[in-house]
Amino acid sequence: MASLARAGSVSSLELVDAHLDRIEQRNPELNAFTMVLADQARESARRADQGLKSGRLHGVPVTVKDSFDVAGHPTRLGSYFAPEVPAAEDAAVVARLRREGAIILGKTNTPEFLVSYETDNFITGRTNNPWDLERTPGGSSGGEAAAIASGCSPGGVGSDGGGSIRVPAHFCGIAGLKPTPGRISPIGLRPSDADAIKGITVVGPMARSVADVRLLFEILAGYDDRDALSAPVPIREPVLDDLRIGVMEQFYEVPVRPSIRKSVRDAAAALGGIGFEVSEFRPEGIERAPNLWNFFSGAVVARSMKERIAGREAEAHWTYTENLDRALDLPPITAWQVVESMAARDAMRRKLLAQMRRTKVVLMPVSSIPAFRHRERSFEVEGKTIGLFKAMMTVTPFNLLGLPALVVPFGLGEEGLPIGVQLVGRPWEEELLLEIGERLEGARGAIPTVLDI
């Protein structure tokens, strides 16, 4: 779209109108958007068509998750507890998109305060998966994934604190990147107090192909002195020499659905077929990483979550409160527990990175299951019953440990649901993951998308 718009083969207004038409057709059943900025987008498109054709996204409409500030509009986070006042300025990623000529088409739905793998709230309501309306598109970037998969948006930006980009990408059959903390600025991402330990939640691009994710990443990445973790890491050419890719079919003893295991094996065979060295990988020392992630993302913040809704509990949605009481049943967290847990996290990270000196990339499932039915919480997998926490143990360790991870759509599994595979890399090596991801897409060949059904 960007190349066509720059060449004058298509106008920006035509691109915007085509997507607005698609939104009109699909959004009533999907409910992916919190707001569609139709008039603003059309006016921006007219200006783009009359001006210089500059910027890598000149005239291209994009969307952003409704946790990012867009100047002049409130950032509601699906919650009555979020301020209704319009944002004073754009979030860092929105500003970068605009500088490259992109047009903000709308904001997409989230669970309340981003704390669920389902996208539902009292303000906008439930978002449905475009492959099957009885299933969730995932969370917390579920609205963004549903909009992109259904053709209502060509791409956009989400956030990931425990798989919130990667799980919706897997559930909806698109690509998504969780970068290293500090690679893309989170300034203007709400809630600003989301992380008990800074860096667990990061910002990343989502699109229907890895090539488009790569373009968005190159635009969004960059140093921001307002971000304490930001580092001046330039976009670099990936080094593929002496590269070994490890294969981890499941997270230790946690089972996965047969169709997901098959997709990982097929992806491994495809990578081997295009010349990569591929071998089994079973890391040591991160078995408790999901539990430690849950400590920081659940137990540590539970009391502040409770205080946020005190006296107005009936106005809080179940996506916010579902696990709150369980976390509050635990004894109060002590400062010593936090210090010990931070030290344990650092020890895990060191141990894993030492094992990744030779095996620089790990191929593994995104989750144990494909998109689940709304409010489903128990899953039969390889003769075992597992819950949602276990089903997501393939994503949460990399939020805890600060490693980048890319989801590549890889086909359809049981009940015709999409399946993605996950490539995990070492810190600051997003370019390597994206290069491998593009090559994997090429080796995979064409696969069905929502646009085909």
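Quick note: numbers below take in every heavy atom, side chains included, and nothing from hydrogens, waters or symmetry partners.
- Glu118 contributes a side-chain N or O that, together with a main-chain N or O of Arg375, makes up a donor-acceptor pair within less than 3.5 Å.
- Glu441 places a side-chain N or O within donor-acceptor distance of the main-chain N or O of Val210, the cut-off being under 3.5 Å.
- Considering all non-hydrogen atoms of both residues, Tyr223 and Pro232 come closest at CD1-N, 3.8 Å.
- Residues Val157 and Pro205 have side chains not in contact (no heavy-atom distance under 4.5 Å, counting atoms from C-beta outward).
- Between Pro234 and Arg236 there is a side-chain heavy-atom pair separated by less than 4.5 Å.
- Between Pro365 and Thr394 the shortest heavy-atom distance is O-CB, 3.4 Å.
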- For Val202 and Thr180, run side chain to side chain contact (heavy atoms under 4.5 Å, CB included): C-alpha distance rounded to whole Å, both residues' side-chain angles, the deciding distance at 0.1 Å, then the answer. CA-CA 7 Å; Val202 295; Thr180 309; over 6 Å; no
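- Two residues are said to be in side-chain contact when any heavy atoms from C-beta on lie closer than 4.5 Å; Lys306 and Leu328 meet this criterion.
- With rounding to the nearest 0.5 angstrom, the NE2 atom of His170 is 7.5 Å from the CD1 atom of Ile369.
- Looking at heavy atoms from C-beta onward, Val362 lies out of side-chain contact with Leu423 at the 4.5 angstrom threshold.
- Asp120 contributes no side-chain N or O that, together with a main-chain N or O of Thr127, makes up a donor-acceptor pair within less than 3.5 Å.
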- Message: I'd like to know whether Lys390 forms a side chain to side chain contact (heavy atoms under 4.5 Å, CB included) with Phe379, so could you lay out the CA-CA distance, the side-chain angles of the two residues, the decisive distance to 0.1 Å, and finally the verdict.
- Response: CA-CA 10 Å; Lys390 278 196 172 181; Phe379 314 98; over 6 Å; no
- Message: Show, in sequence, the C-alpha distance, side-chain angles and deciding distance for His73 and Gln40, and conclude whether the side chain to side chain donor-acceptor pair (under 3.5 Å) test is met.
- Response: CA-CA 12 Å; His73 303 281; Gln40 291 182 26; 2.9 Å; yes
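- Summarising the geometry, atom CD belonging to Glu313 is positioned 9.5 Å from atom CD belonging to Glu315; distances are rounded to the nearest 0.5 Å.
- Here CZ of Phe296 is found 13.0 Å from OG1 of Thr396. Values are rounded to the nearest 0.5 Å.
- Put simply, the side chain of Arg373 never gets that close to the backbone of Arg135: no donor and acceptor are under 3.5 Å apart.
- Side-chain N or O atoms of Glu438 include none that pairs as donor or acceptor with a backbone N or O of Glu435 at under 3.5 Å.
- Side-chain contact between Pro137 and Pro168: absent, with no pair of heavy atoms (C-beta onward) separated by less than 4.5 Å.
- In terms of modelled atom types and a separation under 3.5 Å, the side chain of His19 and the main chain of Leu15 share a donor-acceptor contact.
- Under the 4.5 Å side-chain criterion, counting only non-hydrogen atoms from C-beta, Val93 is in contact with Ile184.
- The closest side-chain donor-acceptor pair between Thr319 and Glu112, if any, does not fall under 3.5 angstrom.
- A distance of 8.0 Å separates CZ in Arg345 from CG in Leu401, rounded to the nearest 0.5 Å.
- At a threshold of 4.5 Å between non-hydrogen side-chain atoms, the residues Val203 and Ser185 do not count as touching.
- Proximity of a side-chain donor or acceptor of Ser141 to a complementary backbone N or O of Ser164 within less than 3.5 Å is detected.
- Side chains of Thr136 and Asn129: a donor-acceptor N/O pair is absent below 3.5 angstrom, by distance only.
- Between the side chains of Glu14 and Ser11, at least one donor N or O sits under 3.5 Å from an acceptor N or O.
- In terms of heavy atoms, Val424 sits closest to Ala405 at CG2-CB, 4.1 Å.
- The shortest non-hydrogen separation linking Leu363 to Val264 is CD2-O, 3.5 Å.
- In this structure, Gly138 and Thr119 approach most closely via the heavy-atom pair O-OG1, 2.7 Å.
- Remark: Glu431 does not engage Arg214 in a salt bridge, criterion side-chain N to carboxylate O under 4.0 Å.
- No salt bridge links Arg208 with Asp212; every basic N to acidic carboxylate O contact stays at or beyond 4.0 Å.
- Of the inter-residue distances, the one linking His58 atom NE2 with Ile103 atom CD1 reads 7.5 Å to the nearest 0.5 angstrom.
- Between Glu430 and Arg183 a salt bridge is recorded (basic side-chain N to carboxylate O distance below 4.0 Å).
- Put simply, the side chain of Trp293 gets close to the backbone of Gly161: a donor and an acceptor are under 3.5 Å apart.
- In this structure, a donor-acceptor pair under 3.5 Å is present between the side chains of Thr63 and Glu144.
- Other residues, nucleotides and ligands contribute at most 12 non-hydrogen atoms within 6.0 Å of the CD atom of Glu89.
- In this structure, a donor-acceptor pair under 3.5 Å is absent between the side chains of Thr108 and Lys65.
- Judged purely by atom type and a 3.5 angstrom limit, Asp90 uses its side chain to pair as donor or acceptor with the backbone of Ala71.
- Here Glu43 pairs with Arg47 in a salt bridge; the nearest charged N to carboxylate O distance falls below 4.0 Å.
- Without hydrogens or angle criteria, Asn128 side chain to Glu134 main chain gives no donor-acceptor distance under 3.5 Å.
- To the nearest 0.5 Å, the span separating CZ on Phe410 from OG on Ser263 amounts to 7.0 Å.
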- List the steps and the verdict of side chain to side chain donor-acceptor pair (under 3.5 Å) for Asp69 and Thr75. CA-CA 6 Å; Asp69 286 346; Thr75 306; 2.6 Å; yes
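- Surrounding CD of Glu376 are more than 12 heavy atoms belonging to other residues, nucleotides or ligands, all under 6.0 Å away.
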- Hey, mind stepping through Phe81 and Tyr320 against ring pair (Phe, Tyr, Trp, His ring centres under 6.0 Å) and telling me if it holds? CA-CA 11 Å; Phe81 300 91; Tyr320 185 78; 7.1 Å; no
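- Ionic pairing of Asp160 and Arg166 is present here: one or more N-O contacts between side-chain nitrogen and carboxylate oxygen are shorter than 4.0 angstrom.
- Residues Val421 and Met364 are not in side-chain contact: their nearest non-hydrogen atoms beyond the backbone lie 4.5 Å or more apart.
- A salt bridge does not link Glu429 with Lys360: every distance from a Lys NZ or Arg NE/NH1/NH2 to an Asp or Glu carboxylate oxygen is 4.0 Å or more.
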- Message: As a quick check of understanding, evaluate side chain to side chain contact (heavy atoms under 4.5 Å, CB included) for Thr124 and Lys107, giving each step before the final call.
- Response: CA-CA 11 Å; Thr124 315; Lys107 300 183 78 178; over 6 Å; no
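- Atom CG of Asp39 has 12 or fewer neighbouring heavy atoms from other residues, nucleotides or ligands inside a 6.0 Å radius.
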